Amino acid sequence: MGRIWSDRNRFQQWLEVELAASEALAERGVVPAEAARLLRAHAGFEVDRIHEIEKEVKHDVIAFTTAVAETMAAAGYAEASRWLHYGLTSNDVVDTAQALLLQQASAILLRGIEALRAVLKRRALEFKDTVQIGRTHGVHAEPITFGLKLAIWHEEAGRNLARFRAAAEDLRVGKTSGAVGTFGHIEPEVEEAICARLNLKPAAIASQVIQRDRHANFVSTLALVTALCEKIALEVRHLQRTEVREAEEYFSRGQKGSSAMPHKRNPVTCEQICGLARVVRANVQAAFEDVALWHERDISHSSVERVVLPDSTILADYLLEKTTRLVDRLLVYPERMRRNLDMTRGLVFSGQLLLDLAAAGMLREQAYRIVQSHAMRAWEEEGDFRAAVMADPEIRAVLDPDQIAHAFSLERQLKNVDKIFARVFGG
């Protein structure tokens with residue numbers, strides 16, 4: 001990913017646009033065919049030379065075309081260089097080449113999302129029936145399985161994959177319509193031919209630039225991709241807390257968690273993921289600011305994009321790899337999950353008990369009062385909720401022991417896990 005955003009690759013994509021334009025114009029007799037052939041064969045550049053020229057001319061595209069012309073002269077074909085950049089304005093080259101860079105970056109990111117989705121599926125199936133307490137507001141709620149948690153992340157990764165494919169495709173556009181988008185020097189048919197050579201679509205209409213709502217959408221999608229990475233990492237951070245200890249990120253042999261406390265096993269990878277996801281989200285604001293430009297173009301967006309597009313794609317790539325590895329090597333402790341579920345001695349089945357009492361004929365308000373009174377006493381005194389329920393005469397008047405036991409059944413609570421997995425994964 002870093003190589004994609006290097007100066008060398010950026011200038012190489014500029015050159016690819018210039019050559020495609022020369023060849024498309026040559027096909028229509030605007031540029032001499034021999035000149036287009038010589039440009040393809042001999043045009044080149046040195047990055048240092050471009051930077052050297054730019055220091056003087058203060059214009060990166062002029063520095064680039066001058067450096068390329070120098071290579072043509074050095075090869076003995078200076079005459080052909082006058083057909084380089086023919087009919088184009090700077091942003092015809094820069095915006096179209098940026099589309100090529102973003103397609104290269106998107107190919108890597110798509111593989112990253114697919115890899116994360118694959119490991120989430122594998123581990124979701126691995127822990128499909130691993131019982132865990134579900135938490136709402138951080139407090140024990142009702143039983144789930146750890147596989148359900150992973151399946152939720154897998155499903156979200158699928159939505160991210162679809163969103164990202166659409167955002168990348170939306171940016172697969174080029175333009176050579178000139179300084180204000182009117183095709184004053186190159187015909188629309190030539191633009192179509194240039195874009196076809198580059199595997200791009202022509203923007204239906206542009207000013208001097210491709211409109212930046214496309215780029216804002218792309219960065220927004222990256223923020224959603226990395227928000228999932230953060231969601232996963234934040235959950236692991238909670239599960240790794242000493243009081244919980246249901247799962248933890250891999251801790252390698254020889255790794256150290258603290259300079260002062262040898263016992264520490266800190267979720268440092270998870271914390272890195274959570275921190276860096278904030279940077280991608282912050283870049284969304286800058287991308288949205290780029291949508292509104294003065295008239296047919298100013299350059300306020302250009303400096304922003306030189307930062308946020310490389311940074312966002314590089315960070316997204318990094319976070320996807322980190323999160324995929326986190327899930328792949330995640331240490332999971334089913335026994336601890338079960339122990340935590342059982343620690344409240346049946347409290348988490350209060351909802352089912354309430355329903356069973358109502359179904360057996362007790363008024364819901366009365367049932368809620370009875371169940372909550374036992375629940376609060378068990379909560380405050382760390383008592384045995386299930387035993388208290390079993391001994392309550394009002395409850396025993398409508399439910400027999402087998403019915404009460406059925407209210408505390410894990411199998412009953414989780415009977416639809418297979419159906420949920422069939423919805424998510426098929427089969």
Side-chain angles (χ1 to χ4, degrees), residues 1-21 45 47 50-51 54 59-65 68 85 88-110 164-179 181 186 191-192 194-222 280 283-284 286-293 296-317:
M1 186 64 81
R3 185 197 61 78
I4 287 172
W5 296 106
S6 66
D7 283 346
R8 173 157 296 281
N9 191 52
R10 176 164 58 96
F11 293 139
Q12 184 60 46
Q13 302 317 306
W14 288 10
L15 183 59
E16 292 302 323
V17 174
E18 296 279 9
L19 295 175
F45 59 86
V47 173
I50 295 172
H51 291 323
E54 187 180 0
H59 193 292
D60 54 358
V61 177
I62 291 173
F64 166 77
T65 57
V68 173
H85 202 66
L88 302 176
T89 192
S90 296
N91 239 64
D92 289 338
V93 177
V94 172
D95 263 17
T96 305
Q98 183 162 270
L100 297 176
L101 295 172
L102 288 168
Q103 292 307 299
Q104 292 174 4
S106 295
I108 293 176
L109 291 168
L110 282 168
F164 187 77
R165 280 177 175 154
E169 178 64 18
D170 197 38
L171 270 175
R172 193 173 62 84
V173 294
K175 60 88 63 182
T176 58
S177 53
I186 286 182
E191 179 187 71
E192 293 169 9
I194 294 169
C195 287
R197 286 175 174 271
L198 300 168
N199 193 31
L200 300 175
K201 302 170 295 182
I205 185 171
S207 58
Q208 189 178 109
V209 296
I210 294 168
Q211 301 306 288
R212 259 44 194 182
D213 63 292
R214 298 176 186 265
H215 303 73
N217 179 53
F218 183 81
V219 179
S220 297
T221 304
L222 289 180
V280 181
N283 286 346
V284 175
F288 271 87
E289 296 293 336
D290 285 349
V291 174
L293 303 174
E296 278 58 61
R297 184 220 177 184
D298 61 55
I299 63 167
S300 59
H301 68 289
S302 177
S303 54
V304 174
E305 289 175 358
R306 291 178 192 231
V307 176
V308 301
L309 292 180
D311 275 12
S312 298
T313 52
I314 289 169
L315 280 173
D317 181 38

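Counting begins at 1 with the first residue of the sequence. Quick caveat: nothing in here was measured; it's all calculated off a predicted structure.
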Kindly compute the distance separating CD1 (I4) from CG (N9), expressed to the nearest 0.5 Å. 7.0 Å
Contact between H215 and L102 at the side-chain level, heavy atoms closer than 4.5 Å - yes or no? yes
Mind checking whether F11 and F64 have parallel, tilted or perpendicular rings, split at 30° and 60°? parallel
Minimal non-hydrogen separation, I314 against G2, with atom names: CD1-CA, 4.5 Å
Do H301 and V209 come within less than 4.5 Å of each other through their side chains, counting heavy atoms only? yes
To the nearest 0.5 Å, how far apart are CD1 in I194 and NZ in K175? 11.0 Å
Take R214 and D290, measure what salt bridge (charged side-chain N to carboxylate O under 4.0 Å, His left out) needs, and give me the verdict at the end. CA-CA 10 Å; R214 298 176 186 265; D290 285 349; over 6 Å; no
Can you tell me how far OG1 of T176 sits from CD of E192, rounded to the nearest 0.5 angstrom? 9.5 Å
Begin from the C-alpha positions of T89 and N91 and carry the test side-chain hydrogen bond (donor to acceptor under 3.5 Å, both in side chains) through to its verdict. CA-CA 6 Å; T89 192; N91 239 64; over 6 Å; no
Please round to the nearest 0.5 Å and tell me the distance separating atom CZ of R8 and atom CZ of R10. 12.0 Å
Heavy atoms, side chains only, cut-off 4.5 Å: are I210 and Q98 in contact? no
Taking atom CD1 of I299 as the centre, report whether more than 12 heavy atoms of other residues, nucleotides or ligands fall under 6.0 Å from it. no
N283 and side chain to side chain contact (heavy atoms under 4.5 Å, CB included): which partner among D311, L309, L222? D311
Contacts satisfying salt bridge (charged side-chain N to carboxylate O under 4.0 Å, His left out) that involve residues 197-209 (not counting sequence neighbours) are E23-R197, E27-R197, E169-K201
Any side-chain to backbone donor/acceptor pair from T96 onto G174? Under 3.5 Å, distance only. no
Measuring only between side-chain heavy atoms, which start at C-beta, is R172 closer than 4.5 Å to N199? yes
Would you call Q13 and Q103 a side-chain contact if the rule is heavy atoms closer than 4.5 Å? no
Is there a side-chain contact between I50 and W14 (heavy atoms, below 4.5 Å)? no
Interatomic distance, F45 atom CZ to L15 atom CG [nearest 0.5 angstrom]: 6.5 Å
For M1 and A105, the nearest pair of non-hydrogen atoms, with its separation, is CE-O, 3.5 Å
Do any N or O atoms from the side chain of D92 and from the backbone of G178 form a donor-acceptor pair under 3.5 angstrom? yes
Side-chain heavy atoms of F218 within contact of S106, under 4.5 Å: yes
Would you indicate whether the side-chain heavy atoms of R212 and D95 approach each other to under 4.5 Å? yes
